2 protein chains.
Amino acid sequence: MASMLLSRQLTCCLQQNSRLLVFGHRYISQAAAKIDVDFDYDGPLMKTEVPGPRSRELMKKLNGIQNAEAVHFFCNYEESRGNYLVDVDGNRMLDLYSQISSIPIGYSHPSLIKLLQQPQNLSTFINRPALGILPPENFTEKLKESLLSVAPKGLSQVMTMSCGSCSNENAFKAIFMWYRQNKERGHNNVTKEELESCMINGCPDYAMLSFMGGFHGRTLGCLATTHSKAIHKLDIPSLDWPIAPFPRLKYPLEDFVKENQQEEARCLEEVEDLIVKYRKKKKIVAGIIVEPIQSEGGDNHASDDFFRKLRDIARKHGCAFLVDEVQTGGGCTGKFWAHEHWGLDDPADVVTFSKKMMTGGFFHKEEFRPNAPYRIFNTWLGDPSKNLMLAEVIKVIKTEDLLNNATHAGKALLTGLLDLQARYPHLISRVRGRGTFCSFDTPNDATRNKLITIARNKGVVLGGCGDRSIRFRPTLIFKDHHAHLFLNIFSDILANFK
Amino acid sequence: MASMLLSRQLTCCLQQNSRLLVFGHRYISQAAAKIDVDFDYDGPLMKTEVPGPRSRELMKKLNGIQNAEAVHFFCNYEESRGNYLVDVDGNRMLDLYSQISSIPIGYSHPSLIKLLQQPQNLSTFINRPALGILPPENFTEKLKESLLSVAPKGLSQVMTMSCGSCSNENAFKAIFMWYRQNKERGHNNVTKEELESCMINGCPDYAMLSFMGGFHGRTLGCLATTHSKAIHKLDIPSLDWPIAPFPRLKYPLEDFVKENQQEEARCLEEVEDLIVKYRKKKKIVAGIIVEPIQSEGGDNHASDDFFRKLRDIARKHGCAFLVDEVQTGGGCTGKFWAHEHWGLDDPADVVTFSKKMMTGGFFHKEEFRPNAPYRIFNTWLGDPSKNLMLAEVIKVIKTEDLLNNATHAGKALLTGLLDLQARYPHLISRVRGRGTFCSFDTPNDATRNKLITIARNKGVVLGGCGDRSIRFRPTLIFKDHHAHLFLNIFSDILANFK
């Protein structure tokens, strides 16, 4: 089902393009720059309950070939634009969840449409190379234009991967190699014994320290550091790696300054104890992994001071400090990387990303560079078509000042949520957020899910996290007026909630 | 650097499209069907040594931001067509490695170009959804058109993933869940204790049995089943999972019938012993993973009888039988899946794929379906733009009868290699293959690498595997005449080899 609107945009662009093509490619991108068709919709428009009849029919079909019970509804992405997600029953919803926080600049952004229409980009989408051995000519250039232009301070090296889990898995590997090379083996050569024993899984007993409530992916290595929900881990064999408590802050923060400081100190002490305890049993903590805001685990925040001290502990014990920015990265907190808020003197050692970055991957300091080829490697190592789109996304973020927008719109959202919390304290508590990365708690799981369902039927897509939180993960083009629109709708919902 | 030729094709198509767009989308795909520009080149064309000066310059730049020592050369994918890979120095090479076996129908295939040009497909490339919760309207339809139309016998269920490693990792998880649910827990509910202990990595001690020489990916779970090269595993902590020997067949097969039967019997016996031994130490082998032809490990074959007996052992001991078709799948052996050659009575339980399938993922029997949502899940669960391209690729494979072509061209290649082996037995041994999935051994690593380098400078891209093998992984549009072209070039190389 093609969108009439998208098709109007396209007709226009294609006609421009084909007229210009006779003069060569170079002119196309400039000429196509002007797209005067409205991009965002002006509000939700609901026609059926959600999921509607067409979605239910499609769910049944999908369920024939895989477990489809997690499906919310089926979407019409051709009709979806900006902050609005349109479903197959013609319902148009303000999307504050944006595909689990993975749509950076809204649906069907004109800049990405243009990118796809430029003939010189076509090859990048259909000829997917093995990037580690046969990269395209513009590979380094696109990485510089995109990822390296927003690299966290001090991290000059970057590897791309296909998804968030692969990013963390490979970051772990880079850390284990670094530990062995820099802390133990020194410049000595690898022994014959090491080369033989590793082939039959006889490898050093390194570990990553993670936090309760953390989420770092679902492949076996990542899953050993994920502790957000039992359903992620049940029945899957794991590794004996240390797990520290993550602070459970009390809100409002200003009323619990001392308690929260004590709570953070307790957690940090436990981190140090675990590192020592595990070393005693010959399991060496090579790295610490942490999210700037624990997202899947319930939007759990800690203070900037907590993270600065955690970084110090990592350095003190010779552990690598890995910041997982898969969900927090890409600008939604008002800085490109959430950990930039901490004001670290010594940068993180490794930073992983995915989701809104279009490609997975990780940045790292030069000392974490593998000392030989093929150590961090796989067939695809990401996808240059995603790098191409990311370069465009970053251009849009810069041109449209979307980091400041996230700060501004986030403030409107958070202020409104605090107001709702004051008016409906029995329904809303622990309002918290940074940029548009906001959330609040509800009394329990059932109430949370009911609120999400009601909101959806009023034209707002929300997501849950933890056991009773609602999280906001809008795109970067979510503006103040979208915040007010949501707050109005949600205020009515709360007023009528039984 | 846009290709003049690709741009001529595009100009033509775009002009057709924009004229037709006024009548609506539906007409475009039909009108665009006729592309009369030649698709494949007619031979290699070498201008510099490879890597040439431009490649070397780009390598230096890339090496500034990541270890680039594995890079062979930089490519001009816009100019690459069919079986020919063009580099940034203008060298055009017959590509028998096809991006580590991951280009199904050649570079810049007209059908994929058309697909990208159809406005109704644009949204699929720029609006990447979270497939597990908000799939696009055509999701099931595209899976049926693509993956399910070539599903191995008896496997009605399919999940998509972003890469080969994620496919195997998630297949392992599905197997562990199945084992717990079907063999142990029965229909009882999960206990509170299980839900709590899994959160702190206290999970059942299940294992996957794998084979020496096998390669199943490089994330931590996969890596515990990978035993092809030390460089993949060095310094990475692993799991105590059983590793069985894989048959080392003697060639020519007809001269060593009895020895090879004994070798296969020895390996199968060891598989059974390991399952029993590991169960005794309370580590339960929930599944067996095997490649139809061990690819990275050196193109190690075993007989169809070996695999049928292995399947029987899996059944006898209640283990799931997982066939990893990441490299062998997609048609290159002359059947869509290499394990179809075995003639199994009882199908494999799980089959994983990636590479030439454009998307990762796995097929499985219905009993391996997770019993609840979110158990096999991640943000993206693959990429619908890859499913769209795969549907087109499969259409081309069927229309152009490319499975029979692989059998035919493979026979031409294998016959020629056997002839070269007879003429140069000091350089070529153990010639083996199925379809175009062929290989031979050289005397040693140094000779192998020298042959690959010489071939590249004569306009043929080859890949190595194991410690001294050369493997052939051409695209599915590799024809008899490409085989003859290669054989002529390689015959000259061998004649002059010092």
Side-chain angles (χ1 to χ4, degrees), chain A residues 2 10-11 14-15 18 21 25 61-62 67 69-70 72 74-75 77-78 88 99-100 107 112 116 119-120 122-123 125-127 129-130 132-134 136-137 140 162-163 169 173 176-177 180 195 198-199 201 203 206 218-221 227 230-231 233-238 369-370 373-374 379, chain B residues 2 10-11 14-15 18 21 25 61-62 67 69-70 72 74-75 77-78 88 99-100 107 112 116 119-120 122-123 125-127 129-130 132-134 136-137 140 162-163 169 173 176-177 180 195 198-199 201 203 206 219-221 227 230-231 233-238 369-370 373-374 378-379:
Chain A
L10 289 172
T11 309
L14 281 168
Q15 285 170 338
S18 57
L21 264 167
H25 298 147
K61 281 188 185 158
L62 179 58
N67 185 320
E69 292 167 54
H72 300 168
F74 277 76
C75 302
Y77 288 104
E78 291 81 1
V88 290
Q99 310 292 326
I100 321 180
Y107 297 104
L112 294 178
L116 258 283
Q120 70 269 34
L122 221 158
S123 165
F125 287 88
I126 60 172
N127 296 318
I133 56 170
L134 297 163
E137 180 158 26
T140 313
S162 292
C163 70
E169 290 272 347
K173 287 170 60 172
F176 297 139
M177 291 173 194
R180 186 88 185 122
L195 290 173
C198 77
M199 289 290 275
N201 297 8
C203 296
Y206 296 136
R218 290 158 162 270
T219 49
L220 262 68
H227 320 279
I231 195 77
K233 291 173 72 80
L234 187 68
D235 303 341
I236 312 302
S238 195
R369 230 172 114 111
Y374 294 108
T379 298
Chain B
L10 290 171
T11 309
L14 281 168
Q15 285 170 337
S18 58
L21 264 167
H25 298 144
K61 280 188 186 159
L62 180 59
N67 184 319
E69 293 168 54
H72 300 169
F74 277 76
C75 303
Y77 288 104
E78 291 81 2
V88 290
Q99 311 290 328
I100 321 180
Y107 297 103
L112 294 179
L116 258 283
Q120 71 269 33
L122 221 159
S123 165
F125 287 88
I126 59 173
N127 296 317
I133 56 171
L134 297 162
E137 179 158 26
T140 313
S162 292
C163 71
E169 290 272 348
K173 287 171 59 171
F176 297 139
M177 290 173 195
R180 186 88 185 123
L195 289 172
C198 76
M199 289 290 276
N201 297 7
C203 296
Y206 296 136
T219 49
L220 262 67
H227 320 281
I231 195 79
K233 290 172 72 78
L234 187 69
D235 302 340
I236 313 301
S238 195
R369 230 172 113 110
Y374 294 107
N378 59 48
T379 298

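Please read these numbers as outputs of a predicted model, since none were measured by experiment. Every chain is numbered from 1 and lettered A, B, ... according to where its sequence line falls, protein lines coming before strand lines. Side chains included, hydrogens not; waters and symmetry mates left out as well; all remaining heavy atoms used.
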TODO: Show the numbers, then the answer: is there a side chain to side chain contact (heavy atoms under 4.5 Å, CB included) between B:Thr379 and A:Gln99?
DONE: CA-CA 8 Å; B:Thr379 298; A:Gln99 310 292 326; 5.9 Å; no
Nearest 0.5 angstrom please: [X] [atom1] to [Y] [atom2], how far?
X        : Y        : atom1 : atom2 : result
A:Leu134 : B:Ile100 : CG    : CD1   : 8.0 Å
A:Leu62  : B:Thr140 : CG    : OG1   : 4.0 Å
A:Phe176 : B:Leu234 : CZ    : CG    : 13.5 Å
B:Cys198 : A:Ile231 : SG    : CD1   : 9.0 Å
B:Glu169 : A:Thr219 : CD    : OG1   : 5.0 Å
A:Glu69  : B:Tyr374 : CD    : OH    : 10.5 Å

Taking every non-hydrogen atom, the tightest pair across [X] and [Y]:
X        : Y        : result
B:Glu78  : A:Gln120 : OE2-O, 3.8 Å
A:Met199 : B:His227 : O-ND1, 2.9 Å
B:Cys203 : A:Ser238 : CB-N, 4.4 Å

Any side-chain heavy-atom pair of [X] and [Y] under 4.5 Å:
X        : Y        : value
A:Leu116 : B:Leu116 : yes
A:Ile236 : B:Met177 : yes
A:Lys233 : B:Asn201 : yes

Task: Closest-packed option against chain B by number of heavy-atom pairs under 4.5 Å, given A:Gly221, A:Pro129, A:Pro370 - done: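 Ranked by heavy-atom pairs under 4.5 Å with chain B, first place is A:Pro129.
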Open item on the list: Just so I understand: if I count every heavy-atom pair under 4.5 Å between each of A:Phe125, A:Phe74, A:Tyr206 and chain B, which residue has the most?
Closed with: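 Top option by heavy-atom pairs under 4.5 Å: A:Phe74.
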Task: Backbone of A:Tyr107 reached by a side-chain donor or acceptor of B:Asn127 within 3.5 Å - done: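 Looks like no, no N/O pair under 3.5 Å.
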- [ ] Only counting residues at least two apart or in another chain, list the ones meeting salt bridge (charged side-chain N to carboxylate O under 4.0 Å, His left out) with B:Arg369.
- [x]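 Checked B:Arg369 against salt bridge (charged side-chain N to carboxylate O under 4.0 Å, His left out); zero matches.
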Task: Set of side chain to side chain donor-acceptor pair (under 3.5 Å) partners for B:Lys173, sequence neighbours left out - done: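 In terms of side chain to side chain donor-acceptor pair (under 3.5 Å), with neighbours along the sequence ignored, B:Lys173 is linked to no residue.
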TODO: Considering only heavy atoms and a distance below 4.5 Å, find which of B:His72, B:Lys61, B:Arg180 pairs most often with chain A.
DONE: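 Counting heavy-atom pairs under 4.5 Å, the top option is B:His72.
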